[in-house]
Amino acid sequence: GPHRFGSERSFLDILDGGAAAGLGGFAALPAAGGAYEQEVLDRVDRLFLLPYGWWRAVGVPSEPVVRAVRHLVRDHGVDVVHANTIMLREPLLAARREGIAAVVHAREIVGADPALAAALGLAPAEIVAEVVARADWVIANSAATAAAYDTAGRTLVVPNAVEVEALAIPPPAMAGGLVRFGLVSSNVAKKGLDDLVAAARLAEAAAPGARFLAIGPETEAVRAIVAAGAPANLAFPGYAESPRAALEGVDVVLNLSRFAESFGRTEAEAMAAGRPVVAYRWGALPELV
C-alpha cells in the first residue's frame, strides 16, 4: 500500500541485519510497492513478486504459490525460508516439501488481538498451534511475543530495531503552555482512537492546555469520528512519512491500543527522541516503558 508502518520498516531492519551478519538473500513481496519495493531491492540479491496472501481457516493453500517458492528454493540454493509474519502459510509449506529450514517471525500476540483471531477464523490457541507446526524456529520480537508461542526451546527473541541517530531531535517545545499528546498509528479502530477521543473530551475542561493529535492516514475510523463531531482539541494531521516527522510535532506519545502490542516500535522511537510515553500496561509495552 501507499503507507509504511512497523511491519514494513521491521522487514528492512531484518534485511539490514542479515547483510551485517554476512548473509545473502532473496526477498518476495506480494505486489509491487513503489519506493518500498526499491528499498527492499537495494538490500537483497534478487527480489521476486509472488501473489501470496494471508492464510485463513477457510480455504486451502495456493498450490501455484507453493510451487513458485519451491522453484525459487531449488533454482537459487536457498537454505532457509523466513516468513516475516505468522500470517503466511505457502512459503513455509514449500520449505517443508523441499526439506529446508522454515522460520516464522512472530509479530502478533493473537491471544490478545480478537480482531486478528476473527480474521483468521480460529481460536487463538488453534492459531498458535498451526503457526508452531509450520516452523522449525520461531523468532519473536519481544519476550511477551515469545511467551505466546510455546515451542519447547525453538523460539529466539530478537527485538525490533529503531534508528536512534535519526531521532536526535530537539526536546519537546510545549510552546505557550500547550502540551501536544500524539497517537502515532495506522489509525484503525483497534489502535484506540475511541479512547483518544474520550481523553480529549475529558481534557477540554480538566486540562485546557492539552492538545491531541492522531497522526496517521485518513481511515474509515477517522472519518466516523470527524462526522460525529470531534472535540476542538483533537486534530488529524495525516500520515507522517518518517518517525522523525511524526515525533517533531508532539511532546508526549500515547499508545492506547485495544490489543496487546507485540513490540511497540513507535514507543521505542518516541523514547529515542526524548518523548515520554503513556501506554496501557500489557503486551510488550512494559518491556520498553
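Side chains of F11 and T85 form no contact here, defined as non-hydrogen atoms less than 4.5 Å apart. Under the 4.5 Å side-chain criterion, counting only non-hydrogen atoms from C-beta, P231 is in contact with V197.
L178 belongs to no hydrophobic cluster, as no Ile, Leu, Val, Met, Phe, Trp or Tyr side chain comes under 4.5 Å of its own. Here V188 sits alone; no ILVMFWY side chain lies under 4.5 Å from its own, so it joins no hydrophobic cluster.
Other residues, nucleotides and ligands contribute more than 12 heavy atoms inside 6.0 Å of the CD atom of E98. Taking a 6.0 Å sphere around CZ of R46, one finds it holds 12 or fewer heavy atoms contributed by other residues, nucleotides or ligands.
Grouping the Ile, Leu, Val, Met, Phe, Trp and Tyr side chains by contacts below 4.5 angstrom, directly or via other members, places L196 with V222. Linking ILVMFWY residues whenever their side-chain heavy atoms come closer than 4.5 Å, directly or via other members, places L12 and L49 in the same cluster.
The main-chain N or O of A135 is found under 3.5 Å from a side-chain atom of R154 such that the two form a donor-acceptor pair. With hydrogens and angles disregarded, a donor-acceptor distance shorter than 3.5 Å links the side chain of Y36 to the backbone of E8. Judged by distance alone, with hydrogens and angles left aside, the side-chain atoms of R180 form a donor-acceptor pair with the main-chain N or O of G249 at under 3.5 Å. With T145 contributing its side chain and S262 its backbone, the two residues share a donor-acceptor pair below 3.5 Å. Without hydrogens or angle criteria, W55 side chain to L120 main chain gives no donor-acceptor distance under 3.5 Å. Between the side chain of D45 and the main chain of F26, no donor-acceptor pair closer than 3.5 Å is present. The backbone N or O of A28 lies less than 3.5 Å from a partner atom in the side chain of Y52, making a donor-acceptor pair.
Residues that satisfy the salt bridge (charged side-chain N to carboxylate O under 4.0 Å, His left out) test with R67, not counting sequence neighbours, are absent from this structure. Taking A119 as the reference, nothing meets the side-chain contact (heavy atoms from CB on, under 4.5 Å) condition, with sequence neighbours excluded. For F263, there are no ring pair (Phe, Tyr, Trp, His ring centres under 6.0 Å) partners at least two apart in sequence or on another chain.
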Where do V80 and W137 land on the side-chain contact (heavy atoms from CB on, under 4.5 Å) test, with the steps shown first?
CA-CA 10 Å; V80 179; W137 295 91; over 6 Å; no
Could you go through the side-chain contact (heavy atoms from CB on, under 4.5 Å) check for L183 and F181 one step at a time?
CA-CA 7 Å; L183 190 152; F181 294 85; over 6 Å; no
F236 vs I225, test: side-chain contact (heavy atoms from CB on, under 4.5 Å). Steps then yes/no.
CA-CA 10 Å; F236 300 91; I225 291 169; 3.8 Å; yes
Residues L116, F259; criterion side-chain contact (heavy atoms from CB on, under 4.5 Å); working and verdict
CA-CA 9 Å; L116 183 60; F259 64 99; over 6 Å; no
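For residues 270-289, the side-chain hydrogen bond (donor to acceptor under 3.5 Å, both in side chains) pairs, not counting sequence neighbours, are D195-Y280.
A146 and V157 get closest at one heavy-atom pair: CB-CG2, 3.7 Å. Nearest approach of L288 to M271, heavy atoms of both residues: O-CE, 3.2 Å. Across all non-hydrogen atoms, the minimal contact from I100 to D79 is CB-O, 3.4 Å. Between N84 and H82 the shortest heavy-atom distance is OD1-CE1, 3.3 Å. Minimum interatomic distance between L88 and G53 (heavy atoms only, all atoms of both residues): CD2-O, 3.9 Å. Closest approach of I14 to H105, counting heavy atoms only: CD1-CE1, 3.1 Å.
With respect to R211 and D251, no salt bridge is recorded, no charged nitrogen being found less than 4.0 Å from a carboxylate O. Under the 4.0 Å criterion applied to side-chain N and carboxylate O atoms, D16 and R43 are assigned as salt-bridge partners. Ion pairing of E261 with K191 is present here, as a side-chain N (NZ or NE/NH1/NH2) and a carboxylate O approach within less than 4.0 Å. We find that R265 and D13 are joined by a salt bridge, their nearest charged nitrogen and carboxylate oxygen being less than 4.0 Å apart.
F48 and H71 have their aromatic ring centers separated by at least 6.0 angstrom.
For the pairing with N160, the side chain to side chain donor-acceptor pair (under 3.5 Å) check across R9, E269, R107 returns one residue only, R107.
Side-chain polar atoms of T219 and N187 form no donor-acceptor pair below 3.5 angstrom.
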